[in-house]
Amino acid sequence: MDHTLVIVESPTKAKTIRRFLPPNYEVLASMGHVRDLPKGAAEIPASVKKEKWSRIGVNTTEDFEPLYIVPKEKKKVVKDLKNALKDATQLLLATDEDREGESISWHLMQILKPKIPTKRMVFHEITKKAINKALDETREIDMELVQAQETRRILDRLFGYELSPLLWKKVAPRLSAGRVQSVSVRLLVNKERERRAFKKASYWGLKATLLKDNISFESKLFSLNAQKISNGSDFDEKTGNLKKGNKSLILNEDRAKSLLKTLSKEKWKVLRVEKKPTIRKPVPPFTTSTLQQEANRKLRLSARETMRCAQGLYEKGFITYMRTDSVHLSEQAIRAARECVNSKYGKEYLSSSARQFNSNARNAQEAHEAIRPAGEVFKTPNDTDLSGRDLSLYELIWKRTVASQMAEAKLTMINAEIEVGEGLFKSSGKSIDFAGFFRAYVEGSDDPSASLEQQEVILPDLTQGSVLEVDSKEATYHETKSPARYTEAALVKVLEKEGIGRPSTYASIIGTIVDRGYANISSNSLSPTFTAFAVTALLEEHFPDLVDTTFTAKMESSLDEISSGNLEWLPYLETFYKGKNGLEVKVQKTEGDIDGKAYRQVDFDDLPCVVRIGSNGPWLEGVKIDESGNEIQAKGNLPMDITPGDLDKKKVDQILSGPSDLGTDPKTGEQVFLRFGPYGPYVQLGNTEEDKAKPRRASLPKELKTDDLTLLEALELLSLPKLLGEHPEGGIVEADRGRFGPYIKWIKNEDESENRSLKKEDDVFKVDLKRALEILAMPKLGRGGQEVIKDFGKPKELKDKIQILNGRYGLYIKCGKTNVSLPKDTDLEKFTLDNALVLLEEKMKDKNSSVFKKNKVISKKTLKNKKSKK
DNA sequence: CAGTGAGCGAGCTTCCGCTTGACTT
């Protein structure tokens, strides 16, 4: 019996195409990629763990051979596919027709090793016709395309896994760098730099409300004696002065007000009226990027929320696939959209012919259609049982798709010039002669003042020479605004334009840069942190090419050449990674050359301070003037919500001038201060005064943040050390906090005391004498501070004895200077000396020194040689 | 610019792109 197994990427797609295939076809989903490079230590197979390159997962010494593994969450998928393959007589790989899709098919071949006839099949539309055609036109896997994907994968891995460790060493642990995220962070940082460098300009203008035929309209002063009056766009953002060569006239308050008086004596006469017919065309249907942008602008959804919602709509069959970079509509879709226009708005609202769009984004791979209502007939939003967010998003998609097949809007733009003495006023109006697609959909704008596209601005019928009545007039004050921070939508827009990132990743890019502490989201905008400034400075200085916005575009064109057979992948990767200018050497060189301290700080040209990136977050270091007028060193903690853009001279002084007052201690009546010392923030009870005992002080534990510290918390800290009671054997017992965290102190007498750290589960403020005595009664850990669990003694062939110890990181075997952690699932009961020897031997493989006597070492070496020859 | 009470195996972190459940509460 013939039985064909078809593999696609998504289960929803599997379900859909199943309907168009013969009954003896079985369709399963791969759930995306089934193999990848190991993500971290846990995924690296033990057999290669010892290799230097294994951390990267790419053998950089052997032609960049990738190390592929099946990630844990894909094990079941692979098993199911293998099982299904057993009953099949034919395999069809029907993943997407783009670089990643081709690669998925190749990986499936590699891992399933099918013994039956196997073909590659691709389709872009899920219709009976399209699928039949695809079945007739199967082909082989395109290895050049696969090679391009693998090159992309390896390059990204080398980029990320070489640069991130450099940041751990030079800036802070757990930071990350990557082809996409580092450029994104840099975009945010550059915008914030612009905001910092921004100089505000202020100017005045004149505004009048005029009347004719009972229609009032607005008019603004444009020029005076033929000299243009300055407005916002005439100023340079960096200087706050007029742009170079700009000859416009800046009105100040006095001038504006006196001008207003002068003009009130004059006649307001229409000098010229210009009418210009224009048309507006509908925007293309949604891609992932434009959907995220519009949902962010119009529905205030984050990129992630949009995608989660769209995924639901897709799974329920309301829309087509939601991760796409294509604006293409299938014939079926165009027909359905035009039918909607016809029935809902009427024939005259249809565009004269079917409208097809072309992507103008770089790097579009176009494996799917645009995002649109699914099916041959579009369900109108009202005919669905959707509600809330689902309904809003579906409505957005429906309207945008339908509007794309509607007629152009026809408008008339009217510009009127009005002469008033020496002044020239201008008014503009807009009339909509035919609404066309405006009826269904108008794209939102990031600039709220520009979002009135579909609104008319009515002007009365103005004829040259006619005199107008003045209803009111006023002098208006304006100032220029600093450039706005990126919203999620604005960032996604730039990334797409530059070809950085893919539809499946836009939402997670934002997640990554927030997770790594590079940006905060507040009121829908992304503000970069001090860490982002520090990391960007390092990367810009030492790896300028890699954080250039064109890096990805250049990579993409190389990948295109690889997939068309015009470029070889190996030399490409070698140029990137190897040699004098390769990444490997540059990272090593940078690591040796630069002082990390220089990048754990952010300098600001305009501020008398530096911001240092410390383990407790950023803090400020600068100078302040003390009471006697001397400059002294000062430090201050930065509130959590402050970003580089908000830091100005005033704020710096405020932060440095401390001590900040937390309130008054009800017991002593003394003030409690939060201060910043050489070891971090601390609280202090009362003022420092001469001839008086030093005030009581206490460090802030790491988990307490300075900006939301309460008086109560401070007083609790200051209450330490706390007397718990008397020890039965004499002396007293106290609880306190110190360098190593909370501990119990048993003061036996004046010279003698014994201490124990508190256990994790104990609270230093709540611990009582009983518990303290319990902890004190526990034996002090043996020499070396480790608890011996098991002692195997000293085997004959070894120099040292073998022990199992319980340490900070769990159980481990100790033999002389060699230590090996026990695997987590080790059954201690069954663990024998032989097991221990095996583990120790493993550990010794790469080391010169050995627990084994000479002859053993030699035998190890020979074994290793044999292995490397193979 | 505060003040203190030890001593001790490390090993891991990280990239970009494709895709869903699997988990817990």
Under the side-chain contact (heavy atoms from CB on, under 4.5 Å) test, which residues partner A/P11, sequence neighbours left out? A/A29, A/M31

For A/Y572, which residues count as a ring-ring contact (aromatic ring centres under 6.0 Å, His included) partner, sequence neighbours excluded? none

Does anything in residues 28-40 of chain A pair up under salt bridge (charged side-chain N to carboxylate O under 4.0 Å, His left out), and if so which pairs, sequence neighbours excluded? A/D36-A/R153, A/K39-A/E43

What N/O pairs connect the protein and nucleotides 11-13 of chain B at under 3.5 Å? Give each pair on its own line.
{"residue": "B/dG11", "atom": "OP1", "partner": "A/K843", "partner atom": "NZ", "Å": "3.2"}
{"residue": "B/dT13", "atom": "OP2", "partner": "A/A41", "partner atom": "N", "Å": "3.2"}
{"residue": "B/dT13", "atom": "O2", "partner": "A/R174", "partner atom": "N", "Å": "3.2"}

For A/V180, what residues pass the side-chain contact (heavy atoms from CB on, under 4.5 Å) criterion, not counting sequence neighbours? A/S184, A/I500, A/I509

List the residues meeting ring-ring contact (aromatic ring centres under 6.0 Å, His included) with A/W746, not counting sequence neighbours, and say none if there are none. A/H727

Output all residues satisfying salt bridge (charged side-chain N to carboxylate O under 4.0 Å, His left out) with A/K13, sequence neighbours left out; order by chain, then residue number. A/D96

Between B/dC15, B/dC18, B/dT20, which nucleotide gets closest to the side-chain atoms of A/Y314? B/dT20

Pull out every residue in residues 10-17 of chain A that has a heavy atom closer than 4.0 Å to any atom of DNA chain B, ordered by number, or say none. A/S10, A/P11

Residues forming a ring-ring contact (aromatic ring centres under 6.0 Å, His included) with A/H368, sequence neighbours excluded: A/Y321

What residues form a side-chain contact (heavy atoms from CB on, under 4.5 Å) with A/K170, not counting sequence neighbours? A/L166, A/L538, A/E591, A/I594

When rounded to whole Å, the NE2 to C1' distance for the pair A/H107 and B/dG17 reads 11 Å

Give the rounded distance in Å between these two atoms: CD of A/E97 and P of B/dC18. 15 Å

Per-residue pairing states of DNA chain B in dot-bracket (Watson-Crick or G-U under 3.5 Å; . unpaired, | other strand) read .........................

Can you list the residues that meet the side-chain contact (heavy atoms from CB on, under 4.5 Å) rule with A/R308, with sequence neighbours excluded? A/R304

